[in-house]
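To start, the structure under review is shown below, and the notes come after it.
Quantities reported herein were computed from a predicted structural model and do not represent experimental measurements. Hydrogens, waters and symmetry mates are skipped; everything else that's a heavy atom, side chains included, is used.
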Protein chains: 2
Amino acid sequence: MTQQHRLNALLELVSDRGEISITEISDALQISAATARRDLNALADEHLLTRTHGGAVALGTGYELPLQYKIARQGEAKLAIAGAVSKLVSLSDSIGLNGGTTTSEVARALGRSPHLVGKDVEYGLTVVTNALNIGYELSVRPHIKIVVTGGIARRQSYELVGSIVTNTLSDLVLDTVILGVDGLSEQFGATTLHEGEAEVSQSFVKVAKRVIVVADSTKMGRATLARISPLDQIDVLVTEKPVSGALAAALDAANVRVVLP
Amino acid sequence: MTQQHRLNALLELVSDRGEISITEISDALQISAATARRDLNALADEHLLTRTHGGAVALGTGYELPLQYKIARQGEAKLAIAGAVSKLVSLSDSIGLNGGTTTSEVARALGRSPHLVGKDVEYGLTVVTNALNIGYELSVRPHIKIVVTGGIARRQSYELVGSIVTNTLSDLVLDTVILGVDGLSEQFGATTLHEGEAEVSQSFVKVAKRVIVVADSTKMGRATLARISPLDQIDVLVTEKPVSGALAAALDAANVRVVLP
DNA sequence: ATTCTGTGATTGTTATTGACTGTTTCAAGG
DNA sequence: CCTTGAAACAGTCAATAACAATCACAGAAT
């Protein structure tokens, strides 16, 4: 029983039953609970299932609600950033969101924020996104209207990319666009690892009245493969620690407002 | 009784009855009042219900559907249909899939089918869909290229609808389109419950070389609100029981091939 | 032969649940 | 409009189960 076999068998078990517990796994595959946990975590890291306390559930089973577990794994910084961002959004806004772990956290925060639940409003919050996971998770929320851009799915990030995205976005106008980025540097501005995602983010910037960049402190001063936009097209940066050094000066010069939790 | 179970069961109870009390919950699910309260608060935090003194009420409509999607996982008929459909698909096809419980099962079958895993092919299976849950689930499969049409999400069915969908689809050509329908009748052909979804399905039919309709036997002879297409535009019908009566004759006259598992 | 990875066992830590307690809310009756 | 008792609530605690981290051993790869 190799690792590969185990992982395959595990996936099959989970997608057959919809959910599974650690003890069921260690029983069925004759492996220790420790290994069962390791395997589940490995599969969860690749987004092939959703981990829960005591086991896992297959994708697409009802409401994948025990998100606290995921959140705990993703770190405090992103959670704090997400909370701060949701305060910058108001009811009846139309919001753009690209993909990524930080923006996914922002999406969850938007879904939770009490001040975004309109009681008697005809049009509440509208979220436009090219991220499949965000669309999927938020589509259950009654108070948010979800528009998905369409496009070709990238497995690594759940993002939709390609000409379909840019075509769709060019017909829209967004009050605020919230962009997760992989790097933010003085010289190159906001950058990302994938050129297709950069193209999408550029399209978002073009149709936005206000651009908010979300990035934790590890992204500061870093530049990755593909440019999204120079600093002066950014209106607000939300991060969890004060920015220092040359980047801070550049942000100031570009009139970027820095918001901390 | 895991947390998952509890939360799902709770939402089901609430949306069935409209409202529910703590004692009813702790009685029905055999849990303590404290846990019932904790669960209700968790769901209220996610805006999936509204908390009241002594219990909770459902807000709005539309939580039944994700549950249907969960139940669909267990429907034997749909599983059998899905298996039969996947045999009609070959590697390097481009496939269209609309939303619904049956097509979701088809998508899972496509993701699992060994004969669709191309080892050294440059272009394997391509799936085009307007269903968020299908896109989300299949996007993790390395051997399938996923294209999502984009559009406005319907909470009740995970389907994307609206002009964005038709715009996107009009630029594509699909080898096979697999349509889930709510009714199939001699007089009205394939029909569905929602006019927006019907529009999308029509667009799928327009760009398809081959149209496969999937429907379990409960849909036979039934007609619902919105027409998708007459029988003679359908090439194949996949269902789990032989069709009889007037509909069978009409299918024969329209040259529809009926495939059973 | 020896490194290296993967597995299982062990440990301390964390999360979840139900019971308990004091406080708050609701509604009926004055 | 206020009082008052019952019900529901929030907070805390202990027990249990699950978790992450570490270590040692076995088999595989080099």
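If Thr23(B) and Arg37(A) are placed on DNA chain D by their nearest nucleotide, the residue sitting closer to the 5' end is Thr23(B).
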### Task
Test Thr2(B) against Val57(A) for side-chain contact (heavy atoms from CB on, under 4.5 Å), laying out the working first.
CA-CA 11 Å; Thr2(B) 72; Val57(A) 295; over 6 Å; no
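When the P atom of dA8(D) is taken as reference, atom CD1 of Ile25(B) falls 11 Å away, rounded to whole Å. The interatomic distance linking Leu10(B) (CG) with dT17(C) (P) rounds to 12 Å, in whole Å. The CZ atom of Arg6(A) sits 11 Å away from the C1' atom of dG8(C) (whole-angstrom rounding). Rounding to whole angstrom units, CG of residue Leu40(A) and P of dA20(D) are separated by 10 Å. Distance Asp39(B) CG to dT16(C) C1': 11 Å, rounded to the nearest Å. Ile22(A) has its CD1 atom 14 Å from the P atom of dT16(C), to the nearest Å. Atom CD in Gln30(A) sits roughly 12 Å away from atom P in dA9(C) (whole-Å rounding). When rounded to the nearest whole Å, the span between CG of Asp27(A) and P of dG8(C) equals 14 Å.
Between Asn41(B) and dC9(D) there is no side-chain polar atom (N or O) within less than 4.0 angstrom of OP1 or OP2. Between Thr35(A) and dG8(C), a side-chain N or O to OP1/OP2 separation shorter than 4.0 Å is present.
Which of dA15(C), dC9(D), dG18(C) sits closest to the side chain of His53(A) comes down to dA15(C).
Between Arg141(A) and Glu46(B) there is a salt bridge, with a side-chain nitrogen of the basic residue lying less than 4.0 Å from a carboxylate oxygen of the acidic one.
In this structure a side-chain-to-backbone donor-acceptor pair under 3.5 Å is missing from Asp93(B) to Ile95(B).
Residue-to-nucleotide contacts include a donor-acceptor pair under 3.5 Å from the side chain of Arg38(A) to the base of dG8(C).
Donor-acceptor pairing under 3.5 Å is lacking for the side chains of Glu19(B) and Thr52(B).
Within the nucleic acid shown, Thr52(B) comes within 4.0 Å of sugar-phosphate atoms alone, with no base atom in reach, counting heavy atoms only.
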